[in-house]
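Report on one structure; see the data block that follows.
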Amino acid sequence: MARRYDPERRQRIIDAAIRVAGRSGIAGLSHRTVAAEADVPLGSTTYHFASLDELLVAALRQANEGFATVVRESGALARPECDIADELARITGRWLAADRTGVELEYELYLAALRRPALRPVAAEWCDGITEVLADRVDPVTACALVALLDGICLQVLLTGHEYDAGYTREMLGRILAGAGGEAAASQEERGALPVD
């Protein structure tokens, strides 16, 4: 019997891995469970992904697109008049409210990088993607601090089950931005770039 050409099979396997991990956690993920979920022969999963880590990398890369895509598609952050703290707080709330299971899975895959070194570069892409979007508006150090704060707030919301507080997020982001602005002004003042009153 001739082998059936199936150009979408690799993607179906990744989608199935995300569904399995979403339902059973990473501990429930195996080539066998993914093959059953994708309705493909077991050999297909090992053909496309020789190891479970390779499959997890592909799943994490796809899951990572969630928040960074929401930030990128907002478009508001590119406008000079945009209140960065307000917009990031709003976007974060929208993302957390949209698909809680997807958000939890994204974090589970992200945190799996602690024990699986193969996932670390992909986990870093999550932060890098958002930092790149912010790079046009703030300096790289401030962008990293904003991302770290958002990351921590999202993780706390997921772990505690508390409601997301956009006001708190806006205020904390504003503090980082105000501190960065003050440090930049002080640095320019030291170099004689700004007049001193």
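Computed from heavy atoms alone, side chains included, the values below leave out hydrogens, waters and symmetry copies.
Transitive grouping of hydrophobic side chains (ILVMFWY, heavy atoms separated by less than 4.5 Å) brings L158 and L111 into a common cluster.
With values rounded to the nearest 0.5 angstrom, L88 atom CG is found 9.0 Å from D83 atom CG. In this structure, OG1 in T92 is found 12.0 Å from CG in D165, a value given to the nearest 0.5 Å. Considering OG1 of T169 and CG of L173, their distance stands at 6.5 Å, rounded to 0.5 Å. From L60, atom CG reaches atom CD1 of I14 across 11.5 Å, with rounding to the nearest 0.5 Å. Going from atom CD of Q156 over to atom CG of L159 covers 8.0 Å, rounded to the nearest 0.5 Å. How far CD of E106 is from SG of C154: 9.0 Å, rounded to the nearest 0.5 Å.
When all heavy atoms are compared, the tightest approach of H31 to A50 is CE1-O, 4.1 Å. The minimum heavy-atom distance between P41 and R9, with the atom names listed, is CD-NH1, 3.9 Å. For A85 against R170, the heavy-atom pair with the smallest separation is CB-O, 3.6 Å. Nearest heavy atom pair, residue S44 against residue I13, reads O-CD1, 3.7 Å. Shortest non-hydrogen contact noted between L77 and R137 is O-NH1, 3.0 Å. Looking at every heavy atom in both residues, E37 comes nearest to A16 through CG-CB, 3.6 Å.
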Can you give me every donor-acceptor pair (side chain of residues 141-152, partner residue at least two apart or in another chain, under 3.5 Å) with its distance?
| from | atom 1 | to | atom 2 | distance (Å) |
| --- | --- | --- | --- | --- |
| T142 | OG1 | D139 | OD1 | 2.6 |
| T142 | OG1 | D139 | OD2 | 3.2 |
| D151 | OD1 | Y107 | OH | 2.6 |
| D151 | OD2 | Y110 | OH | 2.8 |

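Legend: ring-ring contact (aromatic ring centres under 6.0 Å, His included) pairs involving residues 68-102, not counting sequence neighbours, sorted by first then second residue: F67-W95.
Looking only at side-chain heavy atoms (C-beta outward), H162 and V157 stay at 4.5 Å or farther from each other. Counting heavy atoms from C-beta on, the side chains of V34 and V40 never come closer than 4.5 Å. Under the 4.5 Å side-chain criterion, counting only non-hydrogen atoms from C-beta, L177 is in contact with V138. By the 4.5 Å heavy-atom criterion applied to side chains, L29 and L56 are counted as neighbours. A 4.5 Å side-chain heavy-atom check between R19 and S24 finds every atom pair outside the cut-off. With contacts defined as side-chain heavy-atom distances shorter than 4.5 Å, the pair R10/F49 qualifies. H48 is not listed as a side-chain neighbour of E54, based on a closest heavy-atom distance of 4.5 Å or more. Contact of the R90 side chain with the D86 side chain is not registered, since no non-hydrogen atoms from C-beta on lie closer than 4.5 Å.
Between I26 and the choices L119, L105, L109, V20, the side-chain contact (heavy atoms from CB on, under 4.5 Å) rule is met once, by L109.
Here the side chain of Y164 pairs a donor or acceptor atom with the backbone of A89 at under 3.5 angstrom.
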